[in-house]
Amino acid sequence: MPELPEVETSRRGIDPHIRGQTIARSVVRQSQLRWPVSPQITALMPGQTVLGTQRRGKYILIETTAGHIIIHLGMSGSVRILPAGAPAAKHDHIDIVFTHELMLRYTDPRRFGCVLWSEDAIAEHPLLARLGPEPLAEDFDTSYLFRLSRGRKTPIKSFIMDSHVVVGVGNIYANEALFMAGIRPLVEAGSVSRARMARLVACIKQVIAHAITVGGTTLRDFVGGDGKPGYFQQSLLVYGRGTEPCKQCGGILQEVRLSARSTVFCKRCQR
DNA sequence: AAATCTCCCTGTAGGC
DNA sequence: TGCCTACAGGGAGATT
C-alpha cells in the first residue's frame, strides 16, 4: 500500500515526463473511485499544459494551466508513464494522454483512491486545508507534537496516524517508528513525556526519510516499468512480524488490533 | 472537541 | 480443484 515515501517516489517518477507537456485528451474507463472522478478530468484537459507536480501528505498534485489535478493512491493505486496507446488492463481506470505520445496512467484495483479537479487555491481545498504538517518539515517538531498531545486520551499510534496531526504516517511507519522510539502503541498520547516525544519525532523523520531514499531506487524507471514498490518488505522491524522474535531482544512480538489496524510491538523494548 | 464507528473495494489467504 | 468467507487497509464523514 502506498505510504508517503511511495507517493513521493511516484511523484518524482512522473514529474520529469509530464512537466511542460501539453495534454491531448484523457480517458476515464471507471469513474467510481473513492469519490466520482471529477468530470473536468475529461472535459477540461485537452490543451492544458502541466506546469509541475507537488505532494501534500499522500496527495499528488499536478498543476496545470487551468487548475490542479488531485490524485490519491488509496491503498492499491499507482501512476505510471507509458507510451500513448498502451493496451489497458482490468484496473487501468484513467489515462491522461500527452501530445508527445506518452501518457500518465492511473491504476487502482481496490478503488480507494481518487482523481479530482480543483480550480481554486489548492491549499484551501477541503481535502488539504486542515492537514497537519509534513513529517520531514521543520514545523513538525517536539514542541508541536508535545503541545498538541496534551490532554489527548487516544493511543499514541492513532494520534500520529491522524492526518490532522501529521500527514503521511501510515500503519506501517507508525508501527516502525513506535518500535524505534521504544513507545508502546497503546499508551495515551497525553501521557508521553516530552523527552519520549522528542525520540518519536526523530524516529518518524528517520524512518520516512530512509524509506524515500530506498523507494527512489526501486521505482527508478517508470517508463515501461511495473511501478510496483517492493522495498518495504526487507527492512521492517515489527510490521507484519507478529509472533516472530523481536530483532532487538529476541522476545516474541505481540500483535493486537487498534482501530481495525494491525499493531505489532515488543512488550519488553516498548514501554 | 474528541473518540469511535462505518464504509468504500477487491485480491489474497485460509478453511472445507 | 474450487468455492466461500474473512480480512486488510487510507481516511473522510457520520455518530456518539
Side-chain angles (χ1 to χ4, degrees), chain A residues 1-11 28-38 55-61 70-79 88-94 106-116 118 124-135 145 147-178 185-192 204 207-208 211 215 226-230 232-233 236 238-243 255-264:
Chain A
M1 60 302 301
E3 298 247 9
L4 187 148
E6 290 91 319
V7 175
E8 175 60 16
T9 303
S10 295
R11 186 197 67 77
V28 176
R29 298 180 200 82
Q30 168 62 271
S31 63
Q32 297 306 301
L33 304 180
R34 175 73 158 83
W35 295 286
V37 174
S38 298
R55 179 188 56 75
R56 182 72 177 97
K58 295 182 184 173
Y59 294 93
I60 294 172
L61 310 174
I70 303 173
I71 299 177
H72 197 291
L73 301 177
M75 63 170 290
S76 61
S78 63
V79 284
K90 189 174 180 184
H91 301 296
D92 295 338
H93 303 316
I94 300 172
Y106 176 87
T107 306
D108 186 4
R110 296 188 189 179
R111 293 194 259 147
F112 272 29
C114 64
V115 177
L116 301 172
S118 172
E124 291 162 29
H125 190 277
L127 288 173
L128 308 177
R130 292 175 2 190
L131 293 177
E134 292 285 330
L145 200 62
R147 191 174 353 104
L148 201 61
S149 65
R150 294 308 91 180
R152 296 289 299 269
K153 292 188 178 303
T154 197
I156 186 66
K157 178 167 179 260
S158 305
F159 184 67
I160 61 173
M161 287 180 68
D162 182 344
S163 62
H164 301 111
V165 173
V166 55
V167 297
V169 181
N171 195 38
I172 293 175
Y173 297 120
N175 278 296
E176 296 298 308
L178 285 165
L186 287 103
V187 303
E188 283 185 13
S191 75
V192 177
I204 289 171
V207 70
I208 288 185
D226 66 4
K228 292 275 169 58
F232 51 74
Q233 289 143 7
L236 294 177
V238 288
Y239 182 80
R241 299 190 64 245
T243 74
E255 177 157 11
V256 297
R257 313 241 111 232
L258 177 55
S259 306
R261 298 290 185 271
S262 172
T263 303
V264 184

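First the proteins, then the strands, lettered A, B, ... as listed; each starts at 1. It should be emphasised that the depicted structure is a prediction, and the values quoted were computed from it without experimental measurement.
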Provide, to the nearest angstrom, the distance between the [atom1] atom belonging to [X] and the [atom2] atom belonging to [N].
{"X": "A:Asp108", "N": "B:dT10", "atom1": "CG", "atom2": "C1'", "value": "10 Å"}
{"X": "A:Arg110", "N": "B:dT12", "atom1": "CZ", "atom2": "P", "value": "8 Å"}
{"X": "A:Leu73", "N": "B:dT10", "atom1": "CG", "atom2": "P", "value": "17 Å"}
{"X": "A:Tyr173", "N": "C:dG10", "atom1": "OH", "atom2": "C1'", "value": "15 Å"}
{"X": "A:His93", "N": "B:dC8", "atom1": "NE2", "atom2": "C1'", "value": "13 Å"}
{"X": "A:Glu3", "N": "C:dA8", "atom1": "CD", "atom2": "C1'", "value": "13 Å"}
{"X": "A:Ile160", "N": "C:dG10", "atom1": "CD1", "atom2": "P", "value": "13 Å"}
{"X": "A:Phe112", "N": "C:dG9", "atom1": "CZ", "atom2": "C1'", "value": "6 Å"}

Assign a letter to each nucleotide of nucleotides 11-16 of chain C from its 5' end: B, base within under 4.0 Å of a protein heavy atom; S, sugar-phosphate only; -, no contact.
BB----
Between the two end axes of the helix from B:dA2-C:dT16 to B:dC16-C:dG2, each built from 5 base pairs, what angle do you get to the nearest 10°?
50°
Check whether any side-chain N or O of A:Arg111 sits under 3.5 Å from a backbone N or O of A:Gly113 as a donor-acceptor pair, and report yes or no.
no
For the CD1 atom of A:Ile160 and the CG atom of A:Leu145, what is their distance to the nearest 0.5 Å?
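Between A:Ile160 CD1 and A:Leu145 CG, I get 8.0 Å after rounding to 0.5 Å.
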Taking the side chain as everything from C-beta on, heavy atoms only, tell me whether [X] gets closer than 4.5 Å to [Y].
{"X": "A:Gln30", "Y": "A:His91", "answer": "no"}
{"X": "A:Val7", "Y": "A:Leu73", "answer": "yes"}
{"X": "A:Gln32", "Y": "A:His93", "answer": "no"}

Does A:Ser149 form a side-chain contact (heavy atoms from CB on, under 4.5 Å) with A:Phe159? I'd like the steps, not just the answer.
CA-CA 8 Å; A:Ser149 65; A:Phe159 184 67; 3.6 Å; yes
Side chain of [X] - closest among [options]:
{"X": "A:Asn171", "options": "C:dG9, B:dT10, B:dA3", "result": "C:dG9"}
{"X": "A:His91", "options": "B:dA2, C:dG9, B:dG11", "result": "B:dG11"}
{"X": "A:Arg111", "options": "C:dG9, B:dC9, B:dA3", "result": "B:dC9"}

Let's go through A:Tyr239 and A:Val264 carefully: what are the C-alpha distance in whole Å and the side-chain angles of both, what is the deciding distance for side-chain contact (heavy atoms from CB on, under 4.5 Å) to 0.1 Å, and is it a yes or a no?
CA-CA 6 Å; A:Tyr239 182 80; A:Val264 184; 5.6 Å; no
Donor-acceptor side-chain pairing of A:Ser262 and A:Glu255 below 3.5 angstrom
yes
5′-ward residue of the pair A:Gly151/A:Ala260 relative to DNA chain B
A:Gly151
How do A:Arg152 and A:Gln32 order along DNA chain B: which one's closest nucleotide is nearer the 5' end?
A:Arg152
Using a cut-off of 4.0 Å on non-hydrogen atoms, how would the nucleic acid contact of A:Arg130 be classed: base, sugar-phosphate, or nothing?
nothing
What does A:Ser259 touch in the nucleic acid at a heavy-atom separation under 4.0 angstrom: a base, only the sugar-phosphate, or nothing?
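The residue A:Ser259 makes no contact with any strand.
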side-chain contact (heavy atoms from CB on, under 4.5 Å) assessment of A:Val115 paired with A:Ser38:
CA-CA 7 Å; A:Val115 177; A:Ser38 298; over 6 Å; no
Please lay out, stage by stage, how A:Asn175 and A:Tyr173 fare under the test side-chain hydrogen bond (donor to acceptor under 3.5 Å, both in side chains).
CA-CA 5 Å; A:Asn175 278 296; A:Tyr173 297 120; over 6 Å; no
